[in-house]
Structures are given as C-alpha cells and as structure tokens.
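Here is the structure we will look at.
Computation of the quantities below employed the complete heavy-atom set of this structure, encompassing side-chain atoms and omitting hydrogens, waters and symmetry-equivalent molecules.
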Amino acid sequence: MVSEKMVQILACLLEGCNNGEPANSPITAVSVTELVISTAIDVDLGSESTIYKNLVKLMNLGFVRTGISRGKQFTYYITEKGEAFFEGL
C-alpha cells in the first residue's frame, strides 16, 4: 500500500525538489535533509524520521534507490519503476 506521504515524496523527487532538477539518477539524488528543507514551504512531508521510514518503504517497492553519498548522508532518487507508478496515478 502506497500512502499519500509516499506519493508526495515521489512527486518531489520526480518534479524537482532539488533546485528544480529531478532526482532521477544517483548523481542528482537528494538527502532526507534536502527533502525536509525543499518541501517545508510547499508540502509537509513530516519529520526526517518520517521521511526516512517512507523512503525505506519506497525502496522495498523498487520505486526509490540510494544515490551517491554526500559526506555521511545517504541520498535517494526515483527509479524508472517509481516514475511509471507515479505517472499511472
């Protein structure tokens, strides 16, 4: 089951929560902190721990993967499967 928050995370990754650039590759992937900061004004995705828990669920579904780490932070991007799911909504 995909929750509303999970769909909002997919939308953010696909539609460019990272300075307007889609997070759809390991290079353009965004961290949980970046998701919190970039969506604080537009959409409330919840706390960092809530976002992380939803990202783990999305990874288990194959909709999101980890990208290139930035320091100690993991980054995340939407996969082709995630894009297809989102576009099918």
Side-chain angles (χ1 to χ4, degrees):
M1 178 84 181
V2 178
S3 69
E4 182 179 342
K5 293 283 185 195
M6 293 165 73
V7 171
Q8 290 172 337
I9 290 170
L10 290 175
C12 184
L13 295 174
L14 186 60
E15 295 171 358
C17 58
N18 184 21
N19 298 323
E21 184 177 357
N24 58 1
S25 75
I27 295 170
T28 60
V30 295
S31 69
V32 172
T33 303
E34 289 171 310
L35 282 170
V36 169
I37 292 168
S38 65
T39 60
I41 297 170
D42 300 328
V43 177
D44 181 17
L45 296 177
S47 65
E48 287 189 24
S49 62
T50 299
I51 293 172
Y52 176 75
K53 288 174 189 174
N54 283 307
L55 283 168
V56 169
K57 291 175 185 176
L58 289 166
M59 285 191 294
N60 289 336
L61 292 169
F63 295 165
V64 171
R65 286 196 182 144
T66 56
I68 297 170
S69 297
R70 290 198 189 107
K72 293 183 179 182
Q73 290 187 328
F74 288 104
T75 62
Y76 304 90
Y77 68 96
I78 191 168
T79 63
E80 288 181 15
K81 184 177 178 180
E83 288 183 38
F85 172 80
F86 184 78
E87 291 170 5
L89 293 176

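When side chains are defined from C-beta on, P22 does not count as touching I78, because their heavy atoms never get closer than 4.5 Å. At a threshold of 4.5 Å between non-hydrogen side-chain atoms, the residues V2 and F63 count as touching. Under the 4.5 Å side-chain criterion, counting only non-hydrogen atoms from C-beta, L45 is not in contact with T50.
One finds the NZ atom of K72 at 15.0 Å from the OG atom of S31 (value rounded to the nearest 0.5 Å). E83 CD to L14 CG: the interatomic distance, rounded to the nearest 0.5 Å, is 5.0 Å. With values rounded to the nearest 0.5 angstrom, L10 atom CG is found 5.0 Å from L58 atom CG. L55 CG to R65 CZ: the interatomic distance, rounded to the nearest 0.5 Å, is 14.5 Å.
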- request: Kindly determine whether V32 and Y76 satisfy side chain to side chain contact (heavy atoms under 4.5 Å, CB included), including the steps that lead there.
  value: CA-CA 8 Å; V32 172; Y76 304 90; 3.8 Å; yes
- request: Show your working on side chain to side chain contact (heavy atoms under 4.5 Å, CB included) between Q73 and E34 and close with a plain yes or no.
  value: CA-CA 10 Å; Q73 290 187 328; E34 289 171 310; 5.7 Å; no
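The nearest pair of heavy atoms linking I51 to G46 is CD1-O, 3.8 Å. Pairing each heavy atom of A29 with each of T75, the nearest pair is CB-OG1, 3.3 Å. Across T28 and E21, no two heavy atoms sit closer than the pair CG2-OE2, 2.8 Å. Minimum heavy-atom separation, N54 to M6: OD1-CG, 3.3 Å. For the residue pair Y77 and N24, the shortest heavy atom distance occurs at CD1-C, 3.6 Å.
Y52 OH: 12 or fewer foreign heavy atoms inside a 6.0 Å radius. Heavy atoms of other residues, nucleotides or ligands lying less than 6.0 angstrom from NZ of K5 number more than 12.
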